Amino acid sequence: MKNTDILVIGGSATGLVAAMTAKSNHPDKSVTIVRKEEKVMIPCGIPYIFGTTGSTDNNVIPDGGLVNLGVAILVDTVTKVNHKEKIAELASGETIKWDKLILGTGSQPRIPGWLKGADLEGVFTIAKNHLYLDELQRKLSNKKRIVVVGAGFIGIEVSDELNKSGKQVTLIEILPTVLGATFDPEFGQAAQDQLVERGVTVKTNLGIKAINGTDCVKSVTYSDGSTEEADAVILSLGYGPNAELAKSMGIELNEYGFIKADQYRRTSLPDVFAAGDCAEKVDFATGKLSTIMLASTACNEARIAALNLYKLNTVSVFKGTLGIYSTCIGDTAYAVAGLIEKEARREGFRVVADTFTGINRHPGKLAGAHKETVKLIVSECGGAILGGEVMGGVEVGQLINVIGLAIQNNMTIHQLIMTQIGSHPMLSASPAGFPLIKAAEKVAGSLRKCHS
Ligand SMILES: Cc1cc2nc3c(=O)[nH]c(=O)nc-3n(C[C@H](O)[C@H](O)[C@H](O)COP(=O)(O)OP(=O)(O)OC[C@H]3O[C@@H](n4cnc5c(N)ncnc54)[C@H](O)[C@@H]3O)c2cc1C
């Protein structure tokens, strides 16, 4: 039997950050990771193996950071955990005695049970496993017509990359636009127009009904009864938490199947923590249970768990999980933080939302110049910033984090207008026409009208 002070199950975003934080903050403690994969994929980089990076080998999380810190890595599967004895059993027959346990067992793609033909050869998901992905790439190499089902972030990124590599791609989505669950329609429509312009066939307001074929995929049938010939189908219909191991330990799960965990990521069993895709989240604005799954959220939770293993070292001001997403199609980035307008209204918030479009360089003739659009969603009562959406050049990936920070710190739109910003011609918009501040000014104007 092996012994470790801290056992981390899972080697992806959560496992990596949990183990590194635990070891850095408790150098006297031994830390062991058990993970299933020899090579761990950078999960967010997976879509790019289909075009830009070309292979899973170019998308691996290096082990150097863990090894240099002295974290032990075991490639194996934990099959059982005896919580009372604090012993984990592995598929290889090995056993590990632990003192503190962090569960970072993650998530896996969902395949709807009702979908006829989902088990046919040629139907795939985007699993986060390099062996599966290598096989998927090999099998796709002689296929031409690919139907991607589901136009969330992963669906659009995979479609765009496959299209880039010469495949004939149809992307289907049940909502009125791509990215329709996370963005307001004008942003979703812009992303959709761009995908179409780049050569992806996009069909919206359309679901999948069945996948047809005898042994392998021949065609798909849509919700309107139409059919389309296809050589392969990629299902991109979301991910479900891997909580079976936790369940078998007697840990409480929530109604969506996530491991219940408090603000410090403590589960219902003492000395057992859970973080990342497998662990419960509540929404920042509504306090309702959320099914959000992001690597950024996973890393944040992993850090919190690892810092609080022995004593509560971080006094939590945690109000809930804030979804901050971004993606890129060609040279245009799309990003969102917090509540979008339609969701805020659906949740019953009285909001004012306004949009400003400017340019991200000054003068706009400089290289890298790109239109930059910022939309802010603000509570009509008190002016608290509830959400923001941005599209523009690559800097959007960081601009959305500024908006995220404003939301998390309960800033009002008036405080945002007063915020001191830096700018440079080659790097950002003009300080006189900074789209974030201009959008804030527009919202403040609308608020004044509401209150006059
Ligand atoms: C294609 C794609 C693109 C994405 N893009 C983004 C993005 O741009 N930005 C973003 O923030 N998020 C993105 N995400 C989401 C992000 O990848 C996940 O939120 C993140 O992977 C969660 O990390 P995790 O460690 O909690 O879980 P996972 O990545 O699912 O890892 C789980 C780990 O647990 C291990 N494991 C499970 N059970 C056992 C067991 N019994 N024994 C041993 N090991 C076990 C697995 O081997 C694995 O190492 C993307 C996801 C995908 C699929």
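For ligands, and for the atoms within them, numbers begin at 1 and follow the listed sequence. Each residue takes its place number in the sequence, starting with 1. Given the structure is predicted, the values throughout are model-derived calculations rather than measurements.
Proximity to Asp76 (heavy-atom distance under 4.0 Å) selects the following atoms of ligand 1: 43 (C). The contact set between ligand 1 and Gly106, taken as ligand atoms under 4.0 Å from a residue heavy atom, comprises 26 (O), 27 (O), 28 (P), 30 (O), 32 (C). Residue-ligand proximity, Ile126 to ligand 1, at heavy-atom distances under 4.0 Å covers atoms 1 (C). Close approach of ligand 1 to Gly276 (heavy-atom distance below 4.0 Å) involves ligand atoms 26 (O). Interface atoms of ligand 1 facing Pro47, defined by a heavy-atom separation under 4.0 Å, are 1 (C). Short contacts between ligand 1 and Met293, defined as distances under 4.0 Å to a heavy atom of the residue, involve ligand atoms 15 (C), 19 (O). Close approach of ligand 1 to Val34 (heavy-atom distance below 4.0 Å) involves ligand atoms 43 (C), 44 (N). Residue Gly104 has at least one heavy-atom neighbour below 4.0 Å for each of these atoms of ligand 1: 32 (C), 33 (C), 34 (O).
The shortest heavy-atom contact between Val178 and Ala191 is CG2-CB, 4.0 Å. Contact between Lys100 and Leu309 at its shortest, heavy atoms only, is NZ-O, 3.2 Å.
In this model, a donor atom of one side chain and an acceptor atom of the other lie less than 3.5 Å apart for Thr56 and Asp134. Using modelled atom types, one finds a donor on one side chain and an acceptor on the other under 3.5 Å when comparing Lys128 with Ser107. Counted by atom type alone, Tyr239 and Gln108 present zero donor-acceptor pairs between their side chains at under 3.5 Å. No hydrogens or angles considered: a donor-acceptor pair under 3.5 Å links the side chains of Thr52 and Lys164. Residues Gln194 and Thr332 have side chains that bring a donor and an acceptor to within less than 3.5 angstrom of each other.
Between Ser296 and ligand 1, at least one N/O pair is under 3.5 Å apart. When only interatomic distances are considered, the shortest N/O to N/O separation between Lys128 and ligand 1 falls below 3.5 Å. For ligand 1, none of its N or O atoms has an N or O atom of Thr77 under 3.5 Å away. Any N or O atom pair closer than 3.5 Å counts here, and Lys36 shares at least one such pair with ligand 1. Backbone and side-chain nitrogen or oxygen atoms of Leu294 are examined, and one is located within less than 3.5 angstrom of a nitrogen or oxygen of ligand 1. Considering backbone and side-chain N/O of Ile46, none are found under 3.5 Å from N/O of ligand 1. The shortest N or O to N or O distance between Ser12 and ligand 1 is below 3.5 Å. Distances between N or O atoms of Leu245 and those of ligand 1 include no value under 3.5 Å. At least one N/O-N/O distance between Ser107 and ligand 1 falls below 3.5 Å. Between Ala275 and ligand 1, not a single N/O pair is under 3.5 Å apart.
Protein heavy atom at the shortest distance from atom 41 (N) of ligand 1 is Val78 O, 3.0 Å. Nearest non-hydrogen protein atom to atom 21 (O) of ligand 1 is Pro43 CG, 3.3 Å. Of the protein's heavy atoms, Ala295 N, 2.9 Å lies nearest to atom 11 (O) of ligand 1. When only non-hydrogen protein atoms are considered, atom 23 (O) of ligand 1 lies nearest to Ala13 CB, 3.6 Å. Scanning all protein heavy atoms for the shortest distance to atom 46 (C) of ligand 1 gives Glu37 OE2, 3.2 Å. Residue, atom and distance of the protein heavy atom nearest to atom 20 (C) of ligand 1 are Asp277 OD2, 3.8 Å. Of all protein heavy atoms, the one closest to atom 26 (O) of ligand 1 is Thr14 OG1, 2.7 Å. Looking only at heavy atoms of the protein, atom 8 (O) of ligand 1 is closest to Cys44 CB, 3.4 Å.
With a 4.0 Å cut-off on non-hydrogen atoms, Tyr239 touches ligand 1 through its side chain and not its backbone. In Ile154, the part holding a heavy atom less than 4.0 Å from any atom of ligand 1 is the side chain.
Two residues are said to be in side-chain contact when any heavy atoms from C-beta on lie closer than 4.5 Å; Ile96 and Val78 fail this criterion.
In this structure, Lys342 places its NZ atom where more than 12 heavy-atom neighbours from other residues, nucleotides or ligands lie under 6.0 Å away. Within 6.0 Å of NZ on Lys209 lie no more than 12 heavy atoms contributed by other residues, nucleotides or ligands. Other residues, nucleotides and ligands contribute at most 12 non-hydrogen atoms within 6.0 Å of the NZ atom of Lys2. Within a 6.0 Å sphere centred on CD of Gln398, heavy atoms belonging to other residues, nucleotides or ligands number 12 at most.
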Exercise for the section: Mind running salt bridge (charged side-chain N to carboxylate O under 4.0 Å, His left out) on Lys36 and Asp76 for me, showing each step along the way? Expected result: CA-CA 5 Å; Lys36 291 183 185 176; Asp76 212 322; over 6 Å; no

Handout entry: Verdict with reasoning, Asp28 to Lys23, per salt bridge (charged side-chain N to carboxylate O under 4.0 Å, His left out)
Key = CA-CA 8 Å; Asp28 54 319; Lys23 190 65 187 166; over 6 Å; no

Problem - Glu301 and Lys281: CA distance, side-chain angles, deciding distance, salt bridge (charged side-chain N to carboxylate O under 4.0 Å, His left out) verdict - result: CA-CA 10 Å; Glu301 292 182 5; Lys281 327 250 174 280; 3.1 Å; yes

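Residue pairs that meet the salt bridge (Lys or Arg N to Asp or Glu O under 4.0 Å) test with at least one member in residues 145-159, sequence neighbours left out, are Arg145-Glu229, Arg145-Asp231.
Between Phe183 and Phe153, the ring planes lie tilted relative to each other; the angle falls in the 30° to 60° range.
A heavy-atom separation below 4.0 Å is not found between Thr79 and ligand 1. Residue Ile9 places a heavy atom less than 4.0 Å from ligand 1.
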